[in-house]
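On a predicted model such as this, the values are computed, not experimentally measured, just so you know. So you know, we letter chains A, B, ... as the sequences are listed, proteins then strands, and number each from 1.
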Number of protein chains: 2
Amino acid sequence: MNIGEIAQRAGVSRSTVSYALSGKRPVSEDTRQKIQRVIDELGYQPNASARALANGRTNTIGLVFPPAGNHYTGMQLDFIGSVVEAAAAYDYDVLLSPSGVDSDRSFQRLLGERRVDGAILMEIRLQDDRIDHLTEVGFPSVAIGRTAQPEGSWWVGLDHTALASACVHHLADLGHRRVAFVNRPEQLLRAGYESAQRGLDGFTKAAAERGLTVRTYCCGDDAASGLACLERILRDDPATTALVTLNEAALGGLYRGLAQAGRHVPLDFSVTGVVASRWAETVTPQLTAADVPAEEMGRLAVDLLVQRLDHPGTPARYHLLAPPISLRASTGPAGTPALP
Amino acid sequence: MNIGEIAQRAGVSRSTVSYALSGKRPVSEDTRQKIQRVIDELGYQPNASARALANGRTNTIGLVFPPAGNHYTGMQLDFIGSVVEAAAAYDYDVLLSPSGVDSDRSFQRLLGERRVDGAILMEIRLQDDRIDHLTEVGFPSVAIGRTAQPEGSWWVGLDHTALASACVHHLADLGHRRVAFVNRPEQLLRAGYESAQRGLDGFTKAAAERGLTVRTYCCGDDAASGLACLERILRDDPATTALVTLNEAALGGLYRGLAQAGRHVPLDFSVTGVVASRWAETVTPQLTAADVPAEEMGRLAVDLLVQRLDHPGTPARYHLLAPPISLRASTGPAGTPALP
DNA sequence: TGAATTCATCGAACCGGTTCGAACGATCTT
DNA sequence: AAGATCGTTCGAACCGGTTCGATGAATTCA
């Protein structure tokens, strides 16, 4: 069933039906009702492809996220959920595209085949060819994350430098002097992932400021890697009394490692980091951490994108968030650890 | 840039370009190359909406999942990831639709506006009006989950009855006599969620078979609820020595509750259940559980759907999976618990 | 009473592909 | 040499909407 059939049954032309539905030209109350009755009776809904072809808008936004392999973290789930929800509120659908780099076929299709009106990108790298490309061709997009030169592009970001720094200061204030840093996997750090790079940066600078002795580690995104990483930390420097982690997925493993090493959190070892609150609350003791406001970020990204779509030519906008550290139960004053 | 422009520059007609690209009719090697050169030079990609309008296929599948509110669990994330990945392998895109019930607007749009060729549904209820509706109108879809009367519909399911039953037998074999069951939230159980209903059923029957003393609980999908639930369990029957949980998100809270009550897992309390392996491995001690093969299920669902799309009229197919219990570290022989 | 204005509606063109039947020249038969 | 056959290519129609200019009837004004 199509608009022609509706028009026939209502005894009007196709264009009148179209105008009655869109309201872009006045239609008399009589005919409007006649048309509406037919539509209700037949349960007519206009074909999305035809509409998209005619007016050049798909009413769909693309959500570009990295393919698995690097396993999904809880944060990514929260992003996806909130983006979909926020988009639905604006009557936009969300098309998922698993693409890490500009050259991915799925990414090329998204743009080239005009499947979406705009895109939201996740897992940003400091040098990100996807964003360079989109900015170059002027394709409406918003990044969840911030590149090295974010000027002129639209984004919603977390101040990872400040967050990692806040963790260091929190630990230093508690008297910790020897602190380890558990980053995302080495491959991501090398690829230039923003959170991994800026987080490391913030940690290192703040530690230097406070004169701490630190070691930094990369760690796979799973519990087993977390366990292995913690063993290395205590082997490399048994006097370590605290750690900061950006690695949500390794958290369970880190805790397990501490338990196995006979360290009690927070009595003789403190743990903190940057983690979504949902996950910080599942471990025991609950993690004192800078809570990643994933839901808010997803919503803000959609807000920005819709704004950009509705008002082309608006100068670039962004949101830089720096949530405070939520004090829970995983950090405490440094004791006097037994030196080897 | 469109197919007409390519045709002009290559000095052929639009139909020839179309045939050169689709291969549905022979095109001479010469013209094919001429066309290909122009396409490469201009970076032409056919417009997805136009193509969808012309041939009636969008090359997109819909993934219908419940709106947040009931917070996402790790399993859902795994499903989404694997579905997107498997679909990409078939050159299908994935459109997300947050819809719990048939009447949701987003769900109606997916179907009525012909945005997708087929759909995959998550979080199935035993009586599910979405599936009834789809079956009725013959819309190609595959459910991840199984309704009460699954005959004639396509699905990939987990044998929750058998899984919960296996957990009970495992505990009974270890000598446990008083066992609690931690289900998903009451609202989901009441709504008739398949896993909650069949899991409860399997647990209850197996417990009766083995003559166990049991209590069953519903529990919110978060750590705080898990903690509260565990406190209730021990208050209701302090002699309880083991529990079975379907609730992944509450797991952290259950563990915390046990620790606070001074119970050591697995020495004087055993925990098991049905949980995706990734999450079973993050807790300490690692959870002995029937691992939900979320990735495999997502992949199978896409396989089935593509098959159904490619060969309309094929009789309904399904996969019922019953993964074995993975022995990890959270269960052990029942001691002689101090009775009150 | 005729001209100007307003309002509602219509027909046709267009968006960018796909597909069908027809036409073309070259080769093969007989 | 005329006719049949084949491989290529073209033009036109179609998918189902949107949008623009035109038309005609009703209303207002001079």
Side-chain angles (χ1 to χ4, degrees), chain A residues 1-39 42-60 91 93 108-117, chain B residues 1-39 42-60 91 93 108-117:
Chain A
M1 161 204 2
N2 54 38
I3 201 175
E5 198 165 330
I6 303 297
Q8 267 191 358
R9 302 213 187 198
V12 299
S13 74
R14 302 197 305 150
S15 50
T16 302
V17 176
S18 178
Y19 286 125
L21 282 170
S22 70
K24 296 197 177 173
R25 276 199 194 174
V27 169
S28 77
E29 192 51 32
D30 265 15
T31 42
R32 183 193 309 286
Q33 285 183 8
K34 212 163 42 183
I35 291 170
Q36 193 56 53
R37 246 193 314 275
V38 178
I39 286 179
L42 272 67
Y44 165 75
Q45 286 179 269
N47 179 304
S49 304
R51 167 174 289 175
L53 175 58
N55 66 14
R57 309 199 74 211
T58 59
N59 254 270
T60 303
D91 263 328
D93 282 323
Q108 290 297 332
R109 279 201 353 197
L110 210 64
L111 305 187
E113 302 187 355
R114 311 251 122 78
R115 274 172 199 274
V116 299
D117 297 333
Chain B
M1 163 202 2
N2 55 37
I3 202 174
E5 197 164 331
I6 303 296
Q8 269 191 355
R9 302 214 188 198
V12 299
S13 73
R14 303 198 305 149
S15 50
T16 302
V17 175
S18 178
Y19 286 125
L21 282 170
S22 70
K24 296 197 178 174
R25 275 198 194 174
V27 170
S28 78
E29 192 51 32
D30 265 14
T31 40
R32 183 193 308 287
Q33 286 183 10
K34 212 162 43 186
I35 291 171
Q36 192 56 53
R37 246 192 315 274
V38 177
I39 287 180
L42 272 68
Y44 165 75
Q45 286 179 269
N47 180 305
S49 304
R51 166 174 289 174
L53 175 59
N55 67 15
R57 310 198 73 209
T58 59
N59 255 268
T60 302
D91 264 327
D93 282 323
Q108 291 296 334
R109 278 199 356 193
L110 210 64
L111 305 187
E113 302 187 355
R114 310 253 118 79
R115 272 171 202 274
V116 299
D117 297 333

| said: Given the structure, check if the side chain of B:R114 and the base of D:dG17 hold any donor-acceptor pair shorter than 3.5 Å. | reply: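 Not at all, since no donor on one side and acceptor on the other fall under 3.5 Å apart.
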| said: Counting distance alone, no hydrogens or angles: does the base of D:dG21 have a donor or acceptor under 3.5 Å from a partner atom on the side chain of A:R25? | reply: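 Present.
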Can you tell me how far apart [atom1] ([X]) and [atom2] ([Y]) are? Round to the nearest 0.5 Å.
{"X": "A:D30", "Y": "A:I35", "atom1": "CG", "atom2": "CD1", "result": "11.0 Å"}
{"X": "B:L111", "Y": "A:Q45", "atom1": "CG", "atom2": "CD", "result": "8.0 Å"}
{"X": "B:D93", "Y": "A:E113", "atom1": "CG", "atom2": "CD", "result": "8.0 Å"}

For [N] and [X] - does any side-chain N or O of the residue sit under 4.0 Å from the phosphate oxygens OP1/OP2?
{"X": "A:K24", "N": "D:dT18", "value": "no"}
{"X": "A:S15", "N": "C:dC10", "value": "no"}
{"X": "A:S28", "N": "C:dT9", "value": "yes"}
{"X": "A:Y44", "N": "D:dG16", "value": "no"}

| With nearest nucleotides of DNA chain D determined for A:Y19 and B:T31 from heavy-atom distances, which residue corresponds to the more 5′ nucleotide? |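 Its nucleotide being nearer the 5' end, the pick is B:T31.
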In this structure, how many angstroms lie between the [atom2] atom of [N] and the [atom1] atom of [X], rounded?
{"X": "A:I3", "N": "C:dC15", "atom1": "CD1", "atom2": "C1'", "value": "15 Å"}
{"X": "B:K34", "N": "D:dC10", "atom1": "NZ", "atom2": "P", "value": "8 Å"}
{"X": "B:N2", "N": "C:dT18", "atom1": "CG", "atom2": "P", "value": "12 Å"}
{"X": "B:N59", "N": "C:dG17", "atom1": "CG", "atom2": "C1'", "value": "14 Å"}
{"X": "A:I35", "N": "D:dG17", "atom1": "CD1", "atom2": "P", "value": "13 Å"}
{"X": "A:Q8", "N": "D:dG16", "atom1": "CD", "atom2": "C1'", "value": "14 Å"}
{"X": "A:R32", "N": "C:dA8", "atom1": "CZ", "atom2": "P", "value": "9 Å"}
{"X": "A:D30", "N": "C:dC7", "atom1": "CG", "atom2": "C1'", "value": "14 Å"}

| message | Please classify the nucleic acid contact of A:S18 as base, sugar-phosphate, or nothing, using heavy-atom distances under 4.0 Å. | response |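 Touches a base.
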For residues 1-8 of chain B, which side-chain N or O atoms pair as donor and acceptor with protein atoms under 3.5 Å away, sequence neighbours left out?
from, atom 1, to, atom 2, distance (Å)
B:N2, OD1, B:G4, N, 3.0
B:N2, OD1, B:E5, N, 3.0
B:E5, OE2, B:R9, NH2, 3.4

| request: Using heavy atoms to find the nearest nucleotide of DNA chain C for A:R14 and A:V27 separately, return the residue whose nucleotide is more 5′. | output: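 On the 5' side of the pair lies A:V27.
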Side chains of [X] and [Y]: does their closest heavy-atom pair fall under 4.5 Å?
{"X": "B:L21", "Y": "B:Y44", "answer": "yes"}
{"X": "B:R51", "Y": "B:N55", "answer": "yes"}
{"X": "B:R115", "Y": "A:T60", "answer": "yes"}

| Which atom of B:R114 lies closest to which atom of A:N47, heavy atoms considered |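 Shortest heavy-atom contact: CG-ND2, 3.9 Å.
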| said: Test your reading of the model: is there a side-chain donor-acceptor pair from A:R25 to the backbone of A:Y19, 3.5 Å cut-off? | reply: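 Not confirmed, A:R25 side chain does not pair with A:Y19 backbone.
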| field | Axis-to-axis angle between the two ends of the helix from C:dT1-D:dA30 to C:dT30-D:dA1 (five base pairs per end, rounded to 10 degrees) | value |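 Comparing the axis at each end, I get an angle of 60°.
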| said: Which residue is it: B:R37, B:Q36, B:E29? I am looking for the one with a side chain to side chain donor-acceptor pair (under 3.5 Å) to B:Q33. | reply: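 The option that passes is B:E29.
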| Which residues, if any, of residues 46-55 of chain A bring a heavy atom under 4.0 Å of DNA chain D? |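 Contacts with DNA chain D under 4.0 Å: A:P46, A:N47, A:A50, A:R51, A:L53, A:A54.
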